[in-house]
Every structure is written in C-alpha cells, then in structure tokens.
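Before any comments, here is the structure.
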Amino acid sequence: MSSNAFNAITRQINCLFGNKEPWQVASITAISLMTVIWLLEQIDHDESISSRAKNKFFKLMRLLPQVQRKIDTEVSKVSAGMEKSVQDRTAHMEYYSTLPLLGLSNEELLEEVDKYLSLGEYKWKEGRVSGAVYNFNEQLCELMSIVYQKTAYTNPLHADIFPGINKMEAEVVRMCATMFNGDENTVGTMTTGGTESLIMACKAYRDYAREVKGIYKANIVMPRTAHAGFDKAAQYFNIHINYADIDPITTKVNMKQMAAKINKNTIMLIGSAPNFPYGTMDDIQAIAALGLKYKIPVHVDACLGGFLIPFMKRAGYPLPPFDFRVKGVTSISADPHKYGFTPKGCSIILYSDKKYRHHQYTMTTDWPGGVYGSPTVNGSRAGGSIAACWATMLHFGIDGYVEATKRVIDTTRYIERHLRQIKGIFIFGTPATSVIALGSREFDIFRLTDAMCSFGWNLNTLQFPSGIHICVTMLHTMDGMADKFIKDIKAAVGEIMKNPGKPVEGKMALYGQAQTLSDRSLVADITRCFIDSMYYTPGAAIKNGK
Ligand SMILES: *Cc1c(COP(=O)(O)O)cnc(C)c1O
Ligand SMILES: *[C@H]1O[C@H](CO)[C@@H](O)[C@H](O)[C@H]1NC(C)=O
C-alpha cells in the first residue's frame, strides 16, 4: 500500500473517532468486529437464514408455559390413541415381562410363534399390502430355513474360523458388481439393510472428503425424494443436506437445482433408481456428469430397483443406463432383501474404487482387546444372513430373476394402464420399475387411502406432494390379484367422485393436517410417540415383572 493511501485511511479513521473517548473507540471496534464475524458465519451456514429463524421462533414459542402445556396435552392424546390400538390388538394375549422360570418346550414355543404371527389384520400373504414382503412361497422358505439352520451360529468377524462365510460374502459382492457392470476395480461389502448401505456410503465419502480435500463442514446434495436413510446418516455423521426440488410433473429431480446446490463443501451427489415415494428414476447420467465436472462422488440408490433393473432389458423393458457403465457413478446400493427375494437383513454397497471402500472401514489400533478393524456398523454379523443371501442368488440365477422381473413389471404396467383410464386420479410421472404413485386434482387423495383400507388394502401414503403408492411384488402377480386391485380402486374412486369436495376424516385427516403444520418439531414429537408405541408394555406386566 502506498504511504499516500495509508495516510488517507488513517485520516478517515481519525475523523470518524475524532471526538470519541478511548473506551468508546475500543467498544465500537469490538462490536463491529463481532458483527462482521457473525455475518460471515451466517453466510457460511448451510441452512438458510429464514429456515433457522422459523425454527428459532417455534422454539421460543414453546418457552411460553401455556403453549408448551397445550402441545403436551395434544401430543399425549395422540400418544394414548396409538397405545390403545396396540393394546386392543394384543389384549387377549399373555405378555412376557420376565424370563419364564422353566424354559418352554419346543411345541409350546412354536405355538406361541404362530399366535404372534396371527396378530396383524392385513392379509399380506394374499397380496393386500404394498411392498413389505416381495416374494413368499413355501419352497423358498424351506430352502432358506435349511441354509439358515446350518449357518445360524457363524460369524464373518472370525475370518479364521468361518472362512467359508467370508467366501460367500465376497462372492455375493462380486456377483452384484458384475450385475451392475463394474470392472476389476469395483469392490463392496454386504450390510444388514438398505439404510445401513446408505449410511456406509455417507461415512465413506465424508471421511474421503476430509482426508483428500480437507472438507470439515460436509454437505450432501440430493433430490427431496431420496430415501430418508440419507437423512439418518446425515444426523449420525453431522453432515448437512442441501435438498434439490423435484419437477412436480415428472417427479424427477430438477437438474438446475441440483447444480445450484453444489458448493465447495459438497462431498456427494445422490440419484435414485428409482426413488421410493413416486417410483420414478432421476436422470442418473446428468447427475453423474455433474459429479465428473465438480469431481464429487455420485451415489446411485438402487435399493428398491437393484434386483429388477439389471434384468429389465432381458425382460423386455429397457431403461436408460444407471450403473457403473455411466462415467461418474462411484457407488451403488442394492437390496437383495427386496427384489432379490432373500430373507430380511441383506443389502449391498458397491464402490467403483477401493479408495472409497477403505474410508467405509473403521480401525481401532490401540484397543487392549487387540487391533480391531471392521467393514460395517456391526462387530459380530449374522453369517446366516450372508449364507441365505448367497443361496437365494444362486437358487434364482439370471433366468430366475429375469422371469421374476418380467412378472413384476408386466403386472405393474398392466395396473398402470388401467389406472390411467380412471377419471378423478392421475399417476405421478412415468413409473420406472414396480412402484405406481397416484394423486388427484379433484379430491383429497387420503380419502382413497381410507377407502382402500376398508377393502383390506395397505398402501403407502406420500406427502409433498400428497399421494398414495403401490409397490408391486411377486404376491401381486398371482392370478386375479391385479384385477382385484384395479376393481377396488375403481369402486373407491367412483364413490368418492360422487362428492369430491368432502373433507377426509379420521386417522388420515390427522396425517393430512400434519403436512400443513409449519412447526415440524411437533410432527417429530408425534412420530416419537409412534415409535414408543411399538415398544408398548402394559403397566400391569411391568408390575408383575418386579
Ligand atoms: C427400501 C429402500 C431403502 C432402504 O432400505 P431398508 O432396507 O428399508 O433399510 C433405501 N432406498 C430406497 C429407494 C428404498 O426403496
Ligand atoms: C448389525 O447392524 C444393523 C444396523 O446397521 C442391525 O440392523 C443388525 O441387526 C445388526 N446385527 C447383526 C448381527 O448383523
């Protein structure tokens, strides 16, 4: 800086503070500096100022005793209602709150299991439920129980004791890498479910970005329709999520938004193939191109579609490329326990390169129990699940999966064609695989949920935008099932359309209201109560236990 300019600045400052006392000069300086730092922090913050102001406002409101009291009474009313419905379902049964003094005999035990399994009111074996159970037949169950019987007590943590289980896991990973057109660098691990696969990918990329790029305030850019498991991972790992909006018509992610939300702290981009709510597939090629452009890893969540899309071309339903053939895709999650038809507890996470998988591992080198390294969340893992997954995949083979895919997609397209002809409802976007989501511009769609429920159907409810979906499984491919579904929807919509303006009532009204609550922490409170109700224990049982 030239001395002239320096003099000019000092003159300005002296002029500004000319008639101020020294203490005033000091405090003005301190306050200005703090303000500048605060402003910089606000700009650096990932969450928008308006969104934080809103949350702060609701928090402050809750400090008022009247407000908090009102909320508490409302929440406990809802909570009591939830507990009551669990209670009603189970009241006729004994409740174990303490270990039985004498162990039960095998017959007694198996009788008990049957009693517990008969509790639900939905006929899922008849295909009355969306998703949840993807295949069910006696023959497969029998095979699984034999495989599980032989391996139930194995544990891949002890590689020296159960090398066969390790070989099975390695083979499952490799077979999946081949399915998704990976190359010799493609690696992965098995996990215990789709959510754990997503959590592992987030952990791997967070630690990769830390080490390679020095990013400590990580964020993820993903479509609003991406699975809630990513939010879970973000909550666990202190990662921020920048959501990209979806196109309201196609329900695919808006690519302009996706690009705009990327910043220097972005550690991963996400696309779904397809997404869970609307069953549509994001433009994976465009997301991968963004990843290449900004050198950010791209995860494709194929948890739902992972065991359908690799077989769709052979089944006669080609889709745009979504897997490792697309340059820029660095990881894929897929769930054998959905359309791979394995028993619950199996998922896969694959990476295009070893360096990512290395950041998924955790290592503890100085533990007195020994040097401890493990690939996923668990220490001990269920060898039985790995063996069951391995056996199911070998049992089906390519032909078996192509055949199953053909049946599921044939049925989905059949249902879709017929639903499109029903007046009063519409279908969101173009269903990519097996999920069809319905909405309505004429009536409150939650009325259709209610009506279908009274016909014995359990469908999924969607919000932002409101809708309901059916996820077609092997159970729906049984003779006449699709027609039953179409017939019931037709009847229900016909009835509703007689008075389309009528508001929704009952449980679904609460669900609809929850969507319009701007204090989302209230919705969280109610959700907490719901989870509590899953662990409901009658007061009397607790007393008896003592
Ligand atoms: C089911 C699903 C998941 C999570 O799977 P879980 O096995 O339930 O943990 C993730 N993503 C999509 C798209 C899914 O459909
Ligand atoms: C391992 O961890 C997952 C959570 O990621 C859990 O669901 C599973 O039951 C755990 N246990 C075993 C033995 O795999």
Side-chain angles (χ1 to χ4, degrees), residues 129-134 148 151-158 162 165 168-169 172 189-204 220 222-237 246 251-253 268 270-282 284 287 299-309 322 331-350 360-362 374-389 408 412 431-437 460 462 469-473:
V129 166
S130 163
V133 182
Y134 292 79
Y148 201 85
T151 52
Y153 289 90
T154 64
N155 182 352
L157 181 67
H158 306 289
F162 305 110
I165 297 294
M168 285 176 179
E169 180 175 6
V172 167
T189 69
M190 282 187 72
T191 67
T192 58
T195 300
E196 192 187 354
S197 291
L198 307 185
I199 288 175
M200 287 295 93
C202 294
K203 144 81 166 92
I220 290 171
M222 73 177 201
R224 286 197 186 274
T225 46
H227 195 269
F230 292 111
D231 297 84
K232 204 174 196 173
Q235 289 178 26
Y236 285 166
F237 297 141
I246 56 166
T251 70
K252 294 178 180 204
V253 70
M268 83 192 278
I270 292 165
S272 312
N275 63 60
F276 173 83
Y278 304 99
T280 51
M281 190 159 137
D282 294 315
I284 301 297
I287 297 173
H299 179 84
V300 174
D301 180 10
C303 278
L304 186 61
F307 276 71
L308 294 171
I309 25 182
F322 66 92
S331 56
I332 296 178
S333 51
D335 284 356
H337 76 191
K338 287 183 178 160
Y339 291 98
F341 309 133
T342 69
K344 287 286 178 247
C346 291
S347 175
I348 288 283
I349 171 77
L350 297 170
Q360 177 185 306
Y361 300 163
T362 49
S374 59
T376 58
V377 173
N378 297 106
S380 289
R381 290 188 293 149
S385 287
I386 294 171
C389 178
V408 168
T412 312
T433 59
S434 56
V435 169
I436 309 170
N460 299 72
L462 317 170
H469 90 204
I470 178 161
C471 174
V472 175
T473 68

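As the structure lists them, so they are numbered: ligands from 1, and atoms in each ligand from 1. As the structure is a prediction and not an experimental result, all values here were calculated from the model.
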[X] side chain to [Y] backbone, donor-acceptor under 3.5 Å:
X	Y	value
Q360	A201	no
S347	A334	yes
T342	P336	yes
N275	Y278	yes
E169	I386	no
H337	G345	yes

Please say whether C303 places an N or O atom under 3.5 Å from an N or O atom belonging to ligand 1. no
Output yes when the distance from some N or O of ligand 1 to some N or O of H227 is under 3.5 Å, and no in every other case. no
Give the residue, atom name and distance (to 0.1 Å) of the protein heavy atom nearest [atom].
atom	result
atom 11 (N) of ligand 1	D301 OD2, 2.6 Å
atom 2 (O) of ligand 2	N378 OD1, 2.4 Å
atom 6 (C) of ligand 2	T192 OG1, 3.7 Å
atom 14 (C) of ligand 1	K338 NZ, 3.0 Å

Decide whether [X] and [Y] meet the rule of one side-chain donor and one side-chain acceptor closer than 3.5 Å.
X	Y	result
D301	S272	no
S333	H299	yes
T280	T251	yes
T376	Y361	no

Please identify which atoms of ligand 2 are closer than 4.0 Å to at least one heavy atom of A382. 13 (C), 14 (O)
Quick check on contacts: which atoms of ligand 2 are under 4.0 angstrom from a heavy atom of S380? 13 (C)
How about F276 and N460: do any of their side-chain heavy atoms sit closer than 4.5 Å? yes
Are the side chains of C389 and F341 in contact, using a 4.5 Å heavy-atom criterion? no
Quick one: does ligand 2 sit under 4.0 Å from the side chain of S385, the backbone, both or neither, non-hydrogen atoms only? neither
Ligand-side contact atoms (ligand 1) for residue partner [X], heavy atom cut-off under 4.0 Å:
X	answer
H337	7 (O)
D335	5 (O), 7 (O)
G194	4 (C), 5 (O), 6 (P), 7 (O), 9 (O)

Any non-hydrogen atom of P274 lying under 4.0 Å from ligand 1? yes
Of all the heavy atoms in E196, does at least one lie under 4.0 Å from an atom in ligand 1? no
Contact region, T195 to ligand 1, non-hydrogen atoms below 4.0 Å, reads both
Region of S272 engaging ligand 1 - heavy atom pairs below 4.0 Å: neither
The option among M200, M190, E196, K344 carrying the non-hydrogen atom nearest to atom 5 (O) of ligand 2 is E196
Does ligand 2 come near enough to R381 that some N or O of the ligand is less than 3.5 Å from an N or O of the residue? no
So, for atom 9 (O) of ligand 2, does the protein have a heavy atom nearer than 4.0 Å? no
